[in-house]
2 protein chains.
Amino acid sequence: MVNSRFSVAIHILSLIATTSDKSLLTSDFIAGSVNTNPVVVRRMIGVLKKAGLLSSHTGMAGYELLVEPKDLTLLAIYQAIDGPEQLFAIHDEPNPACAVGQKIQHTLEGVYTSVWLAMEEQLQAQTLQDVLDQLRA
Amino acid sequence: MVNSRFSVAIHILSLIATTSDKSLLTSDFIAGSVNTNPVVVRRMIGVLKKAGLLSSHTGMAGYELLVEPKDLTLLAIYQAIDGPEQLFAIHDEPNPACAVGQKIQHTLEGVYTSVWLAMEEQLQAQTLQDVLDQLRA
DNA sequence: CCTGTTGTAACTATTATAGTTACAGGTGCA
DNA sequence: TGCACCTGTAACTATAATAGTTACAACAGG
């Protein structure tokens with residue numbers, strides 16, 4: 001099980017997308033919905049902002065999306081948070097004197113790449129708008 | 001990034017599958033190839049044994065696969081290790097008084113399920129034999 | 001009986017994640 | 001101008017997962 005940052009990021013972006021009164025959108029308000037600490041929210045928002053997904057201004061309430069929900073794929077959100085993440089860790093320094101140890105890392109990389117590509121395809125196929133539609137349903 | 005247990009498990013199973021002289025197969029020998037502690041190996045083997053993938057006998061060197069490499073999918077290995085794992089964590093107790101908070105968990109579960117199914121398909125499509133072939137190549 | 005092995009419990013170390021406190025500095029309004 | 005409220009960020013703590021280690025009981029086979 002991986003961390004919950006992806007879930008929190010989607011929650012935050014959904015909240016920003018669905019709240020029309022921007023003056024309500026403070027880190028404190030968002031933290032109340034996510035049920036966490038305002039600083040955790042501001043930290044996450046800083047990451048999403050750096051990735052160009054939203055804007056904010058010091059000292060002023062109100063966050064705004066910079067990408068239309070229908071154009072914002074979950075993959076873009078995922079990448080904003082975790083960067084070019086690797087799915088599974090590979091144990092380092094297996095014994096190079098062993099036939100298996102020598103090639104296992106490269107082999108596993110191939111295996112994990114195919115798994116990751118399948119995942120990526122799914123994340124690419126879903127947008128924030130899809131999430132919003134399901135939230136409304 | 002997830003832990004390296006999946007990688008270690010595949011390494012161990014590959015080693016067992018490719019070592020014909022079973023008397024060499026001690027937890028110490030395997031640990032030397034993986035580059036970890038013998039106890040870590042024995043612990044992992046205990047899990048794989050419990051899942052019915054291999055056999056061992058107290059006090060006696062030599063592990064043996066109970067499933068043919070061509071019939072042993074990576075999914076089976078994955079499930080042996082992590083059980084019915086969830087891919088991404090979902091933050092708990094989002095605010096039920098909020099429209100987003102109220103439905104986000106269920107929505108995210110749907111999203112993550114679709115991602116997991118794609119992953120599962122990939123893991124199901126590859127067997128230990130495929131790994132062995134790549135190790136030999 | 002002795003050596004080497006497995007199976008396990010118990011402890012420590014390391015790291016990632018999340019939560020918290022604190023505060024500098026911006027914003028806008030009375 | 002002063003004040004209340006906000007963001008951005010650093011620094012620290014708490015918790016939990018993972019891996020590594022030590023220790024030892026029990027078994028196998030010469």
Side-chain angles (χ1 to χ4, degrees), chain A residues 1-9 11-12 15-16 19 21-51 53-64 81-83 85-94, chain B residues 1-9 11-12 15-16 19 21-51 53-64 81-83 85-94:
Chain A
M1 178 104 82
V2 174
N3 57 58
S4 67
R5 284 196 304 237
F6 190 36
S7 298
V8 171
H11 189 148
I12 291 175
L15 215 47
I16 295 175
T19 305
D21 183 353
K22 297 304 180 189
S23 70
L24 285 178
L25 281 175
T26 65
S27 62
D28 211 61
F29 169 80
I30 296 174
S33 174
V34 174
N35 187 31
T36 183
N37 192 287
V39 176
V40 171
V41 172
R42 293 204 290 269
R43 227 160 20 197
M44 172 62 73
I45 283 179
V47 170
L48 297 174
K49 184 179 180 180
K50 200 164 294 181
L53 304 191
L54 52 77
S55 68
S56 69
H57 297 282
T58 302
M60 220 174 79
Y63 298 101
E64 287 191 74
I81 294 167
D82 292 298
E85 165 138 19
Q86 217 177 340
L87 205 48
F88 299 106
I90 298 180
H91 52 294
D92 47 47
E93 300 186 18
Chain B
M1 179 105 82
V2 175
N3 59 56
S4 66
R5 283 197 304 237
F6 189 36
S7 300
V8 171
H11 189 148
I12 291 176
L15 215 47
I16 295 175
T19 304
D21 183 353
K22 297 304 181 192
S23 70
L24 284 178
L25 281 176
T26 64
S27 62
D28 211 61
F29 170 80
I30 296 174
S33 174
V34 175
N35 187 30
T36 183
N37 192 288
V39 176
V40 172
V41 171
R42 294 203 290 270
R43 231 164 11 202
M44 172 60 73
I45 282 180
V47 171
L48 298 174
K49 185 180 180 178
K50 199 164 293 181
L53 304 191
L54 52 78
S55 68
S56 68
H57 297 283
T58 302
M60 222 174 78
Y63 298 101
E64 287 191 75
I81 295 167
D82 293 298
E85 164 137 23
Q86 216 179 340
L87 206 48
F88 299 106
I90 298 180
H91 52 294
D92 46 47
E93 299 185 18

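Letters A, B, ... mirror the listed sequences (proteins, then strands); counts begin at 1.
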Whole-Å distance separating the [atom1] atom of [X] from the [atom2] atom of [N]:
{"X": "A/Arg5", "N": "C/dA16", "atom1": "CZ", "atom2": "C1'", "result": "8 Å"}
{"X": "A/Glu64", "N": "D/dT7", "atom1": "CD", "atom2": "P", "result": "14 Å"}
{"X": "B/Ile30", "N": "C/dG7", "atom1": "CD1", "atom2": "P", "result": "11 Å"}
{"X": "A/Asp28", "N": "C/dG19", "atom1": "CG", "atom2": "C1'", "result": "14 Å"}
{"X": "A/Met60", "N": "C/dG25", "atom1": "CE", "atom2": "C1'", "result": "15 Å"}
{"X": "A/Phe88", "N": "D/dT18", "atom1": "CZ", "atom2": "P", "result": "12 Å"}
{"X": "A/Asn3", "N": "C/dT15", "atom1": "CG", "atom2": "P", "result": "18 Å"}
{"X": "B/Lys22", "N": "C/dT6", "atom1": "NZ", "atom2": "P", "result": "14 Å"}

Distance check, rounded to the nearest 0.5 Å: [X] atom [atom1] versus [Y] atom [atom2]?
{"X": "B/His91", "Y": "A/Phe6", "atom1": "NE2", "atom2": "CZ", "result": "12.5 Å"}
{"X": "A/Ser27", "Y": "A/Ile12", "atom1": "OG", "atom2": "CD1", "result": "9.5 Å"}
{"X": "B/Leu24", "Y": "B/Thr26", "atom1": "CG", "atom2": "OG1", "result": "8.0 Å"}

List the atom pairs, donor and acceptor, that lie under 3.5 Å between side-chain atoms in residues 28-36 of chain B and the rest of the protein, sequence neighbours left out.
unit_1, atom_1, unit_2, atom_2, d
B/Ser33, OG, B/His11, NE2, 2.8
B/Asn35, ND2, A/Glu93, O, 2.9

If every non-hydrogen atom of [X] is compared with every non-hydrogen atom of [Y], which pair is closest and at what distance?
{"X": "B/Ala61", "Y": "B/Ser23", "result": "CB-O, 3.8 Å"}
{"X": "B/Tyr63", "Y": "B/Arg42", "result": "OH-CG, 4.4 Å"}
{"X": "B/Leu15", "Y": "B/Leu25", "result": "O-CD2, 4.3 Å"}
{"X": "B/Ile81", "Y": "B/Val47", "result": "CA-CG1, 4.1 Å"}
{"X": "B/Glu64", "Y": "B/Lys22", "result": "CG-CE, 4.1 Å"}

ask   = List DNA chain C stems (3 or more consecutive Watson-Crick/G-U pairs, under 3.5 Å)?
value =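 DNA chain C forms these stems: C:1-30 with D:1-30.
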
Under 4.0 angstrom between [X] side-chain N/O and [N] OP1 or OP2:
{"X": "B/Thr58", "N": "D/dA26", "value": "no"}
{"X": "B/Ser56", "N": "C/dT6", "value": "no"}
{"X": "A/Ser4", "N": "C/dA18", "value": "yes"}

key: DNA chain C contacts made by residues 31-50 of chain B, counting heavy atoms under 4.0 Å   =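 Contacting residues: B/Val39, B/Arg42, B/Arg43, B/Lys49.
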
request  = Quick one: label A/Tyr63 by what it contacts on the DNA or RNA (base, sugar-phosphate, nothing), any heavy atom closer than 4.0 Å.
outcome  =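 Sugar-phosphate, no base atom in range.
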
request  = For B/Ser27 and for A/His57, find the nucleotide of DNA chain C with the closest heavy atom, then tell me which residue's nucleotide is more 5'.
outcome  =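 Of the two residues, B/Ser27 wins.
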
